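For reference, the structure is listed below as structure tokens.
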Amino acid sequence: MLLSYEPDKWSLSLAVNTWLVVGAAAILAALLAWRWCSGSPLGKEFELDQAEFGIGQNKIRFKPNLTARQTAYAIWVELRVCPRSSL
């Protein structure tokens, strides 16, 4: 990995070996797959039931209704790829 800065050209460059990036991506993918298949997917520690976005002076709030939540959960259960471990 090489980091260089040229103040006269206002440029900052970072050169990284391709195998380093591929290896880091493979390790990250393996960790995410292991965590997902072990029965504890990312984000299980909290639940999001509404979202609020601020646009300028206004705010928009999204809140799902109960029927949509139950339908989404049923689809998620049917499409889950890795079964939960019984350990």
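As the structure is a computational prediction, the values presented were derived from the model and not from experiment. Numbers here are sequence positions counted from 1.
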* In chain order, what residues pass the side-chain contact (heavy atoms from CB on, under 4.5 Å) check against I75, with sequence neighbours excluded? ->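 Result, side-chain contact (heavy atoms from CB on, under 4.5 Å) vs I75: T71, L79.
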* Check side-chain contact (heavy atoms from CB on, under 4.5 Å) between L31 and all other residues, then give those that pass, not counting sequence neighbours. =>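 If we apply the side-chain contact (heavy atoms from CB on, under 4.5 Å) test to L31, skipping adjacent residues, the hits are I27.
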* Flag yes if L12 and L14 sit in one hydrophobic cluster, no otherwise; membership is Ile, Leu, Val, Met, Phe, Trp, Tyr, and two members link when side-chain heavy atoms are under 4.5 Å apart. =>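 As far as the 4.5 Å side-chain criterion goes, L14 and L12 are connected within one cluster.
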* Find out if a path of hydrophobic residues (ILVMFWY) with successive side-chain heavy-atom gaps under 4.5 Å connects W19 to V16. =>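 No, because W19 and V16 fall into different hydrophobic clusters, even though each may have its own neighbours under 4.5 Å.
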* Asked: Which residue pairs pass the salt bridge (charged side-chain N to carboxylate O under 4.0 Å, His left out) test with at least one member in residues 8-32, sequence neighbours excluded?
  ->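 Only E6-K9 qualify under salt bridge (charged side-chain N to carboxylate O under 4.0 Å, His left out).
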* Asked: Sequence neighbours excluded, which residues qualify as salt bridge (charged side-chain N to carboxylate O under 4.0 Å, His left out) partners of E78?
  ->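 Not a single residue meets the salt bridge (charged side-chain N to carboxylate O under 4.0 Å, His left out) criterion with E78.
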* Quick one: list whatever passes side chain to side chain donor-acceptor pair (under 3.5 Å) with S4, sequence neighbours left out. =>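 Applying side chain to side chain donor-acceptor pair (under 3.5 Å) to S4 gives S13.
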* **Heavy-atom side-chain proximity of N17 to V21 below 4.5 angstrom** =>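 A side-chain contact is absent here, since even the closest heavy-atom pair is not under 4.5 Å.
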